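FYI, the numbering just counts along the sequence from 1. Treat the numbers as computed from the prediction; the structure is a model and nothing was measured.
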Amino acid sequence: MKKSLYRVLVVTLLAAVAAPASSLAGNEFASPFHRKQAERKAKGMVTGERSKRKKSVLFQWWLDDARGEDDVKLKRAVQRELAADVDPEPLPGFGMGNIPYVLPKLQPVLDKSAAQMTAASTEAESVRLVMADADTPIRASADITKTVTEHYKATGFKPLWTADGKLTARGQELVKVLAASGDEGLVPFRYLPRSLSGFDSIDQQIEGSSISAAQIDVGLTVAALTYANDLTGGAFEPNKLSKYHDIKTEALKPEVALKVLAFSPFPKAYLDGLAPKHPSYLAMKAELAKLRATPLNETPFPDGKRIRIGQKDSRIPELRGRLVRLGFLDDATPIAEDADPEVLDKHVGRALKAFQAERGIAQTSALDPATVKAFNGNTPAGNIRKLQINMERARWLPKDMGSKHVFVNQAAYEVDVFDGQNKVWESKVIVGKPLTQTVAFSDVMENVVFNPPWGMPQSILINEYLGKLRRDPGYFDKIGYRVTNSQGKRVSSRSVNWHAVSARSGIGVQQPPGDSNALGYLKFNFPNSHAIYMHDTPNRELFSESRRNFSHGCVRVQNPRDFAAMLLGLTRAEVDAKIATGNSFTVPISQHIPVHLTYFTAWPGDDGKIHYYADAYGRDETLDRAFDVVAKAFTPNEGVKVVEASGTAAQ
């Protein structure tokens, strides 16, 4: 009996020990001490789970590209490689950094002094009343409001677009331009005066009302200047959409635009001439028109099991047709007479691999879940919005990119060097991780450092080396790293009390030039406030990945020696010879070479076709929502009608 009781007690104790902390925490029979301990443990488990979830986000892009159960080992290998990759530039990030779009505050187009002024004519008097109306529905930014009110006052409130209660020929031409602003990837209703219900039958909407005509006249002036601003500098302020944007747009000043628009007999020609001239913008505009003229009847690509080359599946005919429509497979590609059309052959496999490469997913040549997902994000409707988003980004680019310039497209993981309009060199690059993204900005390349030493950031010293150094103080001496004390004097690693070292101790560590240097053999400087530069790397394995966002923000170049030769006007042999000296030195770049770090998820390739890339940083989603906000805010309610008020502008 005693033995049985003993066994029961032992089993009970073992069960209690094995019980989940959460169950003990709520167990009324547990002692207060054990409940407290269990509560702490449960809380720790929750915190641990949160930490695990947070870490998993870093690799979610990889997991989304699941290559199948048989590739689990490959996934794990890449994750280990990423975790072990020493990043020489641990810049602080801003998380994903995307900022929800908020409509800017617009102010009434109003000037109180107009109430005491006189107008030049009866029609001008109606414009004066509109300008003096505190309840005017016309809204604009501060600079456009100032430009519009000053112009009308200076001209005695003379109408610009109306006469005899109707639109003039100039006014009709302007309305057509604004109505067609969708061709530029913009939202047309953004440029519709608020007193109108649509771009058609405007004279009928005015209904012979002088106040209504005056409202529309002022409203069209505001719309024309807003359109000129958006066409030249973008409809959205880039730095208010992402913390990783440092973009200075070059929008046309409203007073400059109005000087021309007020007197030009051809406002359409002037406004059309303001659109970006960059060949890539024109290519995207042409593709946008083409897609809008195509019926949007693409059905979702069906899900199914993973299919490799040589395997059969009923979806293969649809796959072949989809690749033909997207331009990755020639419609004339032969199928052997004895071949089964439902078998994924090598021709389709090659085309599929090209599609996967463009979309930034694993290049498996197989029909897998990631590829199906990419197909279903590659619908005409989806690509139309992608083009709108990237045409907006193209409006943010400098008007003068530089006769010779460096162009990094982070979404494509590529750097190009252009001489005029001609691409003269290209290479793969590695850019920032999703939580430490590469900033989008422009600067000027100044110099190239050969055999650069690497100054170890304090964060790496403290977080990655301090534990090892406390166990083996002479570790840096063994691997050849140079250590300096707080006075800047070089000292032996073994002489440092690493147990007392913190981020504020002033200890410096430098890795000398060499094969394993974290910066490789070359560093490309364009000094900027973000501490971002381009450089070589000893970790070259990651260039084989489809998505290459592994750094903390700086840009690693796959072929840095050719890049240096291109920038410095040297031969590859001359670059190799300079590196072979083993000496660290800096060579200035004699010519003016701008550097543009950009992010385009749609961009024309060398083949002239628009290529679409994965949105690794989530910036497309932010701009997509911004377009939706504008569309909802400015789409007029049906049935809106202008009503003339006695002595004041209409409501």
Side-chain angles (χ1 to χ4, degrees), residues 86-91 246 402-408 415-419 424-432 438-439 441-458 460-461 476 479-484 488-490 508-540 551-597:
V86 176
D87 195 323
E89 64 286 321
L91 304 176
D246 183 13
S403 56
K404 186 173 185 178
H405 63 270
V406 176
F407 187 88
V408 177
V415 56
D416 301 323
V417 176
F418 286 89
D419 193 349
V424 294
W425 184 79
E426 66 180 80
S427 176
K428 292 180 179 180
V429 296
I430 289 171
V431 298
T438 300
V439 178
F441 69 102
S442 295
D443 215 293
V444 177
M445 190 71 76
E446 293 190 3
N447 58 64
V448 178
V449 182
F450 286 77
N451 300 310
W454 174 52
M456 183 181 292
Q458 287 294 306
I460 288 183
L461 173 62
F476 281 152
I479 63 175
Y481 282 27
R482 300 164 184 163
V483 180
T484 55
K489 180 180 178 182
R490 185 172 177 180
V509 180
Q510 187 183 82
Q511 181 187 26
D515 293 340
S516 60
N517 185 278
L519 296 177
Y521 291 106
L522 293 160
K523 178 184 177 186
F524 307 92
N525 285 325
F526 39 101
N528 56 83
S529 61
H530 309 291
I532 285 177
Y533 48 88
M534 301 174 74
H535 63 89
D536 184 12
T537 175
N539 302 310
R540 314 203 63 78
S551 83
H552 273 80
C554 287
V555 180
R556 308 178 197 175
V557 185
Q558 183 182 31
N559 301 306
R561 296 186 183 217
D562 294 334
F563 190 36
M566 181 65 61
L567 295 174
L568 296 171
L570 302 174
T571 65
R572 171 62 186 268
E574 289 173 323
V575 171
D576 291 343
K578 290 180 182 295
I579 291 173
T581 65
N583 298 324
S584 181
F585 56 92
T586 300
V587 178
I589 296 174
S590 58
Q591 63 182 124
H592 183 82
I593 302 180
V595 181
H596 307 289
L597 302 185

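Under the 4.5 Å side-chain criterion, counting only non-hydrogen atoms from C-beta, His535 is in contact with Arg556. Residues Leu597 and Val431 fail the side-chain proximity criterion, which asks for heavy atoms closer than 4.5 Å.
With Thr438 contributing its side chain and Gly432 its backbone, the two residues share a donor-acceptor pair below 3.5 Å. At distances below 3.5 Å, not a single donor-acceptor pair connects side-chain atoms of Gln511 with backbone N or O atoms of Leu519. Of the possible polar contacts, one joining the Asn517 side chain to the Pro512 backbone as a donor-acceptor pair under 3.5 Å is found. Checked by atom type and distance alone, the side chain of Asn528 pairs as donor or acceptor with a backbone atom of Phe526 at under 3.5 Å. Between the side chain of Asn559 and the backbone N or O of Ser427, no donor-acceptor pair lies under 3.5 Å.
The two residues Lys578 and Asn451 come nearest to each other via the heavy atoms O-ND2, 3.7 Å.
Listed by first and then second residue, the side-chain hydrogen bond (donor to acceptor under 3.5 Å, both in side chains) pairs involving residues 580-591 amount to none (not counting sequence neighbours).
Note: Tyr481 and Phe476 have parallel aromatic rings, judged against thresholds of 30 and 60 degrees for the angle between ring planes. Using cut-offs of 30° and 60° for the angle between ring planes, the Phe418 and Phe407 rings count as perpendicular.
For Phe450, the ring pair (Phe, Tyr, Trp, His ring centres under 6.0 Å) criterion is met by Phe585, not counting sequence neighbours.
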